[in-house]
Q: 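I am attaching a structure below and will ask some questions about it afterwards.
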Amino acid sequence: MGTKISGEVREMICRMDTGKIENQMVLQCAPLIVGLRISSLFIIHRGNLGRIHDLLRESGICYYVLYVTEVRAVILLYDSHRLSVYLDREEVREFFSGRDYVPARMENILPVFRERYRAYRDGGREFPHELGLILGYPIEDVRGFILHKGKDSLYAGYWKVYSDAPGKRELFRMFELAREMLVELLENGAGIRAIIEEYRGNEWVG
């Protein structure tokens, strides 16, 4: 999303074993790994759930299982400190408080959201728009999505943009550059643990 990937990297991706959880982590979560995002959804085969703890142990990336089917698992990967700081912004806290998250703090938000997300996936509840904030989306874009019912966005990339389209386009470009870089590292033999250790805590600039 956001920008076209190079032909060389596209070929690398085509050669990748997408059944491997390490490869999927790079493909889905590269911006989080390099510190450009504070959280990301990670969708994997249910059989890979047991690998998550070992892959992320002492990595600085936390995980929270949101939903599991007979085949797939939906997991939130996140930087605990940065997500907590974001959720503690006044306007973000007000958003969650208005949706009956009391207290509106991360340790309460995640379990309540998980129940609402599961109810949505099981067909018993409307989509919980607070997911956008849990994923670190700018609040103006979350509000715009709700107001316009997902239509009339200025730009659509990693999320639908309703404010500062040029700035968001550049951010999405950096997301894609991060993914290309990590795909190349995997192609050259680097392991996911080594990649995470190399880039966590650094300010990466594309």
Q: Taking C-beta and beyond as the side chain, do I75 and I43 meet within less than 4.5 Å on heavy atoms?
A: no
Q: Within a strict 4.5 Å, meaning less than it, do heavy atoms of the L87 and I109 side chains meet?
A: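 Yes, side chains in contact.
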Q: Can you find a pair of side-chain heavy atoms, one from M174 and one from L36, that are under 4.5 Å apart?
A: yes
Q: Could you note down all residue pairs passing side chain to side chain donor-acceptor pair (under 3.5 Å) where residues 91-104 supplies at least one of them, sequence neighbours left out?
A: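 For residues 91-104: D88-R93, Y101-E130.
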Q: What residues form a salt bridge (charged side-chain N to carboxylate O under 4.0 Å, His left out) with R118, not counting sequence neighbours?
A: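 Partners of R118 under the salt bridge (charged side-chain N to carboxylate O under 4.0 Å, His left out) test: E115.
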Q: Would Y78 and Y64 count as a close aromatic pair, with their ring centres under 6.0 Å?
A: no
Q: Without swapping roles, check the side chain of R125 against the backbone of Y117 for a donor-acceptor pair under 3.5 Å.
A: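 Answer holds: no.
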Q: Give a yes or no answer on whether the side chain of Y162 reaches the backbone of H148 with a donor-acceptor pair at less than 3.5 Å.
A: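 Absent.
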Q: Checking R121 side chain against T69 main chain: does a donor-acceptor pair fall under 3.5 Å?
A: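 Between the backbone of T69 and the side chain of R121 there is no qualifying donor-acceptor contact (under 3.5 Å).
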Q: Looking at D79 and R37, is there a salt bridge between them, counting it only when a charged N and a carboxylate O are closer than 4.0 Å?
A: no
Q: At what distance, to the nearest 0.5 angstrom, does CD1 of I61 lie from SG of C29?
A: 8.0 Å
Q: Report yes or no: does K160 contribute a side-chain atom to a donor-acceptor pair with the main-chain N or O of Y155 at less than 3.5 Å?
A: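 It does not hold such a pair.
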Q: Is any side-chain heavy atom of D141 closer than 4.5 Å to a side-chain heavy atom of S163?
A: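 Heavy-atom side-chain distance check passes, below 4.5 Å.
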Q: For H45, give me all partners under ring pair (Phe, Tyr, Trp, His ring centres under 6.0 Å), at least two apart in sequence or on another chain.
A: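 Listed in chain order: nothing, the list is empty.
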Q: Quick one, L154 and D164 - any side-chain contact, counting heavy atoms below 4.5 Å?
A: no
Q: Is there a side-chain contact between I21 and I52, using heavy atoms and a 4.5 Å cut-off?
A: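 I21 vs I52: side chains touch.
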Q: Does some side-chain heavy atom of I38 sit less than 4.5 Å from a side-chain heavy atom of L32?
A: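 Sidechains of I38 and L32: no contact.
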Q: Determine whether Y199 and L185 make a side-chain contact, defined as any pair of heavy atoms from C-beta on separated by less than 4.5 Å.
A: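 With C-beta onward as the side chain, the pair touches.
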Q: Using a strict threshold of under 4.0 Å (side-chain N to carboxylate O), is an ion pair present between R51 and E22?
A: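 Between R51 and E22 there is a salt bridge, with a charged N closer than 4.0 Å to a carboxylate O.
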